[in-house]
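Counting from 1, the numbers follow the sequence of the chain as shown.
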Amino acid sequence: MKINKIKVFLVASVIGLGMTSCEDFLDRPTEDNYVADGYYKTDAECIAGVDYLYNSPWYDFQRGFFSFDVMAGNLYMSDGGDYSAFLNFSLTSNNQHLRNMSYSLWAVNGHSNIVRHYIEGGSASEAVKNQTMGECLLWKAMAYFYLVRTFGDVPIVHDNSAMIAAGDYNEQPKVLKADVYEYIVMTLEKAIELLPEVCAEGRLDKYCAKGLLAKVYLTKAGVSGTLNQSDLQMAAQLAKDVIDNSGRQLEKNYADIFKLEGNKSPENMIAWRWVVSSQWTSQNSFQSDLGMTGMDEYGDCWGEWSGPSVDLQDAFGFNILDEPSTRPDTDTRRKATMMTVGDIVPYLWRDHGGFDYMRFEYDKDYNPAAWGQHRSPTGCNMVKWMYGNNNDHVTVLGTSAARMASSLCTPILRLADVYLIFVEAKVLLGQGKDADALKAFNAVRQRAIPNAIAVTSLTFDDVWKERRLELACEGDRWYDFVRLAYYNADRAISELKSQRRNQYWNLDLMFKEYYKTGQWQVVNKDDDGKDQYTTYDDQTPAPNVTVNSFTVPFPMEDLTFNPHLKEDAIHVDVREKYHY
């Protein structure tokens, strides 16, 4: 943990950061800075002062967000370095994505603490002070939820100012993860107390905190090695409260959640609310890392060398070697997650009549940057997290994108997730025929597969697979494995080892021939007339997953600055020691 960075967090909060406009924080930024001692005096200042917690401190977590989908077997990335380490379970303390992720999460915690401190001492109205302090606490809880599920036992930094005054910011011991979970629960309980039931569009409210707390309880339930029935009951109770009383509904069409229009979707309960601005780190850069070269006008996309994994394709029930017209595609989530031969995405490249996957790769009249070859190692590329081109961005949001920058939001807790949290808790409680659980499960599934027959009983396998398809490539699957490994590590290890995590060879020969002739054949001729078989690489050994794989190493710099991270964790009675 980069505890020596706490001083930096404090200074940043005092001397100012680029803030987002208080009256329209989802759409446009302001470059005005503030001095903390003279700020937080009015309601508008308090609201503006927490806006940046929805984006900037999280920016360096972005690559960690999808790197863990590589580890979970949902994405394929192999660069011989930092991404490959996630693919083959060879992570070390020198991995740059782990380092950036760690710094980002501790930055969120540090900024949340400091901003809450200044708001508490300010002179705004009580209602707005409560709302904005509640927002700070929810973001703090979210940061810790990622930290404990990633690194396991971690230090608790409750009050930056007190730690700096004491001079012990590099002397913090690790705390047992069970106690860290209790600290997260305590933090969210206070957030629920402070937050309003209904807030402005896109902002956090009481039900956002309850939804997150339900997920925390579901995860916490297995941390002792066996499932805690009381925690499962709390998870179900909180999730049901959100489902029944939040006023939110599932979007009718799954893909709508992830379009630029989805920035206003009430299903996206907790989301990073990015903005394109002169403040670097306020923006979404996912398309650069995951999008195909030439997808936008800025020369900033390099993601065609990666792709949704073969194992995820299997989960959606299709094989890339099958002729496209025979592909079942009964699950609408597939096309909203990944695109392949034969696909056109209507909400990307709207000024071109939609994003035509094959023309994009092979037709220079359609795409001047076309490589003339298929480059994805898995035969698919990402749709989810893509905003398209600048025309798409301007058409929907009224503002331009920029290099490595869009304002497409990133949902990190959706209402459908809360539905499935409720279902999983009920199933683990032995209530797989509970009427409300069946209703919630069928609502999620039948949105994605409109003609699906309603299920009348549920098993863990049902909800486990449904979570994978519903939340595919949303940075969540690895943490599902962590939650499972708490109480059933053997199953988690076995599944990860059995996944199809490798790539195909010679897909370009097959795809190009199909584009040119309309004929689909798995055996192709090379330039010399020799047969080139399109095959899946099944020679790479299964990843070396062990019970220790479900926590990852601290970055080397953290270990250097705080040697206590190498020591055993201690028990802390967090409710006795810490107070809000």
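- Annotation: cation-pi geometry not satisfied between Arg116 and Tyr118 (NZ/CZ under 6.0 angstrom from ring centroid, within 45° of ring axis).
- No side-chain donor-acceptor contact under 3.5 Å links Asn263 and Arg273.
- A ring pair (Phe, Tyr, Trp, His ring centres under 6.0 Å) with Phe65 is found for one member of Tyr479, Phe286, Tyr146 and no other, namely Phe286.
- Counted by atom type alone, Ser277 and Ser282 present one or more donor-acceptor pairs between their side chains at under 3.5 Å.
- Classification of the Phe86-His97 ring pair by plane angle, with boundaries at 30° and 60°, yields tilted.
- Every side-chain contact (heavy atoms from CB on, under 4.5 Å) that Ala401 has, sequence neighbours left out, goes to Tyr298, Tyr387, Asn390, His393.
- With Phe481 as the aromatic partner, Arg477 meets the cation-pi criteria of under 6.0 angstrom to the ring centre and within 45 degrees of the ring axis.
- Judged purely by distance below 3.5 Å, without hydrogens or angles, the side chains of Asn160 and Asn113 pair a donor atom with an acceptor atom.
- When the options Asn381, Asp343, Thr340 are evaluated for a side-chain hydrogen bond (donor to acceptor under 3.5 Å, both in side chains) with Tyr357, the one that passes is Asn381.
- Relative to the ring axis of Phe258, Lys384 places its NZ or CZ within 45° and under 6.0 Å from the centre.
- Screening Val242, Asp434, Asp241 for a side-chain contact (heavy atoms from CB on, under 4.5 Å) with Phe422, the sole residue that qualifies is Asp434.
- Ring orientation note: the planes of Tyr183 and Tyr580 are tilted relative to one another, at an angle of 30° to 60°.
- The backbone N or O of Val275 sits nowhere less than 3.5 Å from a side-chain atom of Gln283 that would complete a donor-acceptor pair.
- Taken from CD in Glu182 to CD in Glu189, the straight-line distance is 7.0 Å, to the nearest 0.5 Å.
- Judged by the 6.0 Å distance and 45° axis criteria, Arg149 is positioned over the aromatic ring of Phe145.
- Legend: residues meeting side-chain contact (heavy atoms from CB on, under 4.5 Å) with Asn253, ordered by chain and number and at least two apart, are Asp256.
- Taking the six-membered ring where tryptophan is involved, the planes of Phe61 and Trp58 are perpendicular, since the angle between them exceeds 60° and thus also 30°.
- Aromatic ring orientation, Phe355 versus Trp349: perpendicular (interplanar angle above 60°, classes split at 30° and 60°).
- Distance alone, capped at 3.5 Å, is enough to place a donor-acceptor pair between the Ser123 side chain and the Lys41 backbone.
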